[in-house]
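Below: one structure, written as structure tokens.
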Amino acid sequence: MILVTGGAGFIGANFVLDWLRTSDEPVLNLDALTYAGNLENLASVAGDARHVFVQGDICDRALLDRLLAEHQPRAIVHFAAESHVDRSIHGPGDFVRTNVTGTFTLLEAARGYWMGLDGERKVGFRFHHVSTDEVYGSLGPNDPAFTETHAYAPNSPYSASKAASDHLVRAWFHTYGLPVTTSNCSNNYGPYHFPEKLIPLMIANALAGKALPVYGDGRQVRDWLYVSDHCSAIRTVLAKGTPGEVYNVGGWNEMPNIEIVQTLCALLDELKPDPQGSYARLITYVADRPGHDRRYAIDARKIERELGWRPAETFETGIRKTVVWYLANQDWVADVLSGAYREWVETNYAGRAV
Ligand code: NAD
Ligand code: TYD
């Protein structure tokens with residue numbers, strides 16, 4: 001079996017669901033169920049014996065040792081993290097704890113377990129670390145896209161904590177020989193995306209007739225990848241990647257935020273027209289994010305050249321699927337928009353003058 005951390009979050013849950021659709025190999029899913037973890041994401045595999053869920057913290061070394069000894073996974077895929085830049089600005093401590101100390105604790109537990117393996121099982125073991133393009137910092141408008149050798153220059157508490165975790169993973173390979181791989185991926189979107197992030201927030205707000213808060217001038221650029229393509233990239237690296245290597249993963253789809261929001265409004269106008277007029281009337285420019293990175297872009301040629309991976313979805317197909325999913329899963333959205341979520345909206349948006 002494989003051990004997945006953070007498999008009740010957005011990407012982790014998509015990964016677990018895709019894994020169980022495409023393979024018979026069981027998954028041990030360790031997730032602390034923070035505000036971002038949601039067992040509803042895994043409801044479709046609730047009765048599946050191949051999915052073993054454990055609620056627990058990656059900082060809990062004793063738990064990690066027990067799970068590894070008991071379940072003897074052949075690989076670890078590490079998603080668990082605090083993942084939202086705006087939350088990292090309001091409360092960076094959780095990011096250092098989970099992303100840095102948690103990754104360190106998991107690496108140490110994995111190293112102890114791996115050293116006890118022998119023969120094929122030791123050679124074949126993999127620790128895959130899921131990271132982000134944000135560790136590379138911000139690009140100018142004409143700079144080439146990030147390659148795997150781009151210097152690290154993280155600018156937010158989130159990206160700094162992910163950069164630290166990447167360095168730990170790298171060091172555990174060079175110093176101890178732990179067979180690690182790392183992927184640095186661009187912005188994901190798709191089903192089960194928590195509505196604190198740009199795309200699901202805009203869909204949820206539009207359907208509720210609320211303002212669509214665009215930070216600053218809305219010209220910040222991100223590269224967007226449909227989540228199932230990220231999952232297939234991770235499966236590819238796990239199967240064919242070389243230990244010690246880093247793979248950048250992206251969708252070849254750079255877009256300014258305002259164009260993302262306009263695209264969502266146009267799709268909603270088509271699929272769920274509002275009698276009061278186009279959803280674009282709700283677009284509202286608000287105060288910018290402090291330290292807001294201007295542009296990210298991923299050069300994903302290495303993973304294509306060496307491992308044969310390319311995204312299956314275009315932005316047009318992926319974003320349509322996403323909007324259709326949100327319209328069909330309004331109950332999921334309603335459950336997620338709980339009291340705690342409303343407090344976050346107050347914390348993040350109340351001080352942003354229009
Ligand atoms: P998410 O916030 O939706 O999910 C994170 C999951 O980790 C949640 O289920 C949460 O309960 C769990 N978790 C948090 N702290 C934990 C702890 N201490 N112990 C155990 N579980 C814990 O995040 P996501 O968007 O699914 O991102 C997953 C990974 O992918 C992260 O490492 C993130 O940095 C990386 N990533 C995300 C994106 C993106 O666009 N979302 C892009 C590139 C890389
Ligand atoms: P987000 O989804 O938080 O991802 P990240 O910060 O990791 O790239 O934000 C994507 C972009 O959208 C980012 O440039 C910030 C911007 N944004 C807004 O303009 N308004 C919002 O309400 C949010 C949440 C994000």
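Bear in mind that the values here come from a model prediction, so they are computed numbers and not experimental data. Just follow the structure's listing: the first ligand is 1, and inside any ligand the first atom is 1.
For atom 21 (N) of ligand 1, the closest heavy atom belonging to the protein is A32 N, 3.1 Å. Scanning the protein heavy atoms around atom 2 (O) of ligand 2, the nearest turns out to be L198 N, 2.9 Å. Counting only heavy atoms of the protein, atom 43 (C) of ligand 1 lies nearest to C185 O, 3.3 Å. Distance from atom 1 (P) of ligand 1 to its nearest protein heavy atom, with residue and atom name: S83 OG, 3.5 Å. Ranking protein heavy atoms by distance to atom 25 (O) of ligand 1, first place goes to F10 CD2, 3.7 Å. For atom 4 (O) of ligand 1, the closest non-hydrogen atom on the protein side is G9 CA, 3.4 Å. What sits closest to atom 11 (O) of ligand 1 on the protein, heavy atoms only, is D31 OD1, 2.6 Å. The protein heavy-atom contact nearest to atom 20 (N) of ligand 2 is P213 O, 2.8 Å. Scanning all protein heavy atoms for the shortest distance to atom 19 (O) of ligand 2 gives Y215 N, 2.9 Å. In terms of protein heavy atoms, atom 5 (C) of ligand 1 is closest to A81 O, 3.4 Å.
Here Y349 has side-chain heavy atoms under 4.0 Å from ligand 2, and that is the only part of it that gets that close. Residue L33 touches ligand 1 through its backbone alone, judged by heavy-atom distances below 4.0 Å. Contact annotation for N187 and ligand 2: only side-chain heavy atoms (C-beta onward) come within less than 4.0 Å of the ligand. Here S186 has backbone heavy atoms under 4.0 Å from ligand 1, and that is the only part of it that gets that close. Residue-level proximity to ligand 1 for K162 is carried by the side chain, the only part with a heavy atom below 4.0 angstrom. At a heavy-atom cutoff of 4.0 Å, ligand 2 is contacted by the side chain of H292 but not by its backbone.
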Using the rule given for side chain to side chain contact (heavy atoms under 4.5 Å, CB included), can you reason through V54 versus L28, listing the C-alpha separation, both sets of side-chain angles and the distance that settles it, and then say yes or no? CA-CA 7 Å; V54 175; L28 173 63; 3.8 Å; yes

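Residue contacts with ligand 1: L30 is placed with no nitrogen or oxygen under 3.5 Å of a nitrogen or oxygen of the ligand (distance criterion only). Considering both main-chain and side-chain atoms, E134 comes within under 3.5 Å of ligand 2 through a nitrogen or oxygen pair. Inclusion of D57 in the set of residues having an N or O under 3.5 Å from an N or O of ligand 1 is warranted. Looking at ligand 2, you won't find any N or O of V85 less than 3.5 Å from one of its N or O atoms. The shortest N/O to N/O separation between E196 and ligand 2 does not fall below 3.5 Å. The shortest N or O to N or O distance between I58 and ligand 1 is under 3.5 Å. For the pair R289 and ligand 2, the shortest N or O to N or O distance falls below 3.5 Å. Not one N or O of L201 is nearer than 3.5 Å to an N or O of ligand 2, by distance alone. Between H230 and ligand 1, no N or O atom pair is found at a separation short of 3.5 Å. Of the N or O atoms in N257, one or more lie within a sub-3.5 Å distance of an N or O in ligand 2. For a threshold of 3.5 Å applied to N or O pairs, the pair formed by C59 and ligand 1 contains no separation below that value. Distances between N or O atoms of N188 and those of ligand 1 include at least one value under 3.5 Å.
The aromatic rings of H51 and F53 are tilted relative to each other, their planes meeting at an angle between 30° and 60°. Ring geometry for Y189 against W224 counts as perpendicular: the plane angle is over 60°, on a 0 to 90° scale with 30° as the lower cut. Between Y192 and W332, the ring planes are perpendicular. Angles over 60° get that label, and only those under 30° would be called parallel.
Set against the non-hydrogen atoms of T34, the atoms of ligand 1 under 4.0 Å away are 10 (C), 11 (O), 14 (C), 15 (N). If you number the atoms of ligand 2 from 1 as listed, the ones under 4.0 Å from a heavy atom of H84 come out as 3 (O). Atoms of ligand 1 lying under 4.0 Å from any heavy atom of N187, numbered from 1 in the order shown and given with element: 40 (O). Taking a cut-off of under 4.0 Å to the non-hydrogen atoms of K197, the atoms of ligand 2 that pass are 2 (O). Atoms of ligand 2 lying under 4.0 Å from at least one heavy atom of V214, given by number and element, are 19 (O).
Aromatic ring centroids of Y215 and Y285 lie 6.0 Å or more apart. Here the two rings, on H167 and Y152, have centers that are under 6.0 Å apart. Aromatic ring centres of Y35 and F194 lie closer together than 6.0 Å.
The two atoms that bring S186 and L225 nearest to each other are OG-CB, 4.0 Å, heavy atoms only. The two residues S161 and V100 come nearest to each other via the heavy atoms O-CG2, 3.7 Å. Listed here is the closest heavy atom pair of S183 and I234: OG-CG1, 4.2 Å. Nearest heavy atom pair, residue D299 against residue N248, reads O-CB, 3.7 Å. Closest approach of D229 to A312, counting heavy atoms only: OD1-N, 2.7 Å.
Between R294 and D143 there is no salt bridge, since no side-chain nitrogen of the basic residue lies less than 4.0 Å from a carboxylate oxygen of the acidic one. Between R97 and D57 there is a salt bridge, since at least one side-chain N of the basic residue sits less than 4.0 Å from a carboxylate O of the acidic one. By the 4.0 Å N-to-carboxylate-O rule, E304 lies too far from R301 to be salt-bridged with it. A salt bridge links R74 with E25: the distance from a Lys NZ or Arg NE/NH1/NH2 to an Asp or Glu carboxylate oxygen falls below 4.0 Å. Salt bridge status for D18 with R21: present, with a side-chain N to carboxylate O gap under 4.0 Å. Remark: R222 does not engage D293 in a salt bridge, criterion side-chain N to carboxylate O under 4.0 Å.
Residue contact annotation: G102 has no non-hydrogen atom under 4.0 Å from ligand 1. Residue-ligand proximity: F79 is placed with a non-hydrogen atom under 4.0 Å from ligand 1. Under a 4.0 Å heavy-atom criterion, S131 is in contact with ligand 1. Ligand 1 lies nowhere less than 4.0 angstrom from a heavy atom belonging to G7. At least one heavy atom of Y158 sits less than 4.0 Å from an atom of ligand 1. Heavy atoms of G56 approach ligand 1 to within less than 4.0 angstrom.
In this structure, CG on L3 lies 9.0 Å from CZ on F127, to the nearest 0.5 angstrom.
When the options H129, E148, R170 are evaluated for a side chain to side chain contact (heavy atoms under 4.5 Å, CB included) with V246, the one that passes is E148.
For the pair R235 and W19, the cation does not sit on the ring face, since its NZ or CZ is not both under 6.0 Å from the ring centre and inside 45° of the axis.
Across the listed options T5, V130, I11, I11 owns the non-hydrogen atom lying nearest to atom 26 (O) of ligand 1.
Residues L106 and L117 share a single hydrophobic cluster, defined by chaining ILVMFWY side chains whose heavy atoms lie under 4.5 Å apart.
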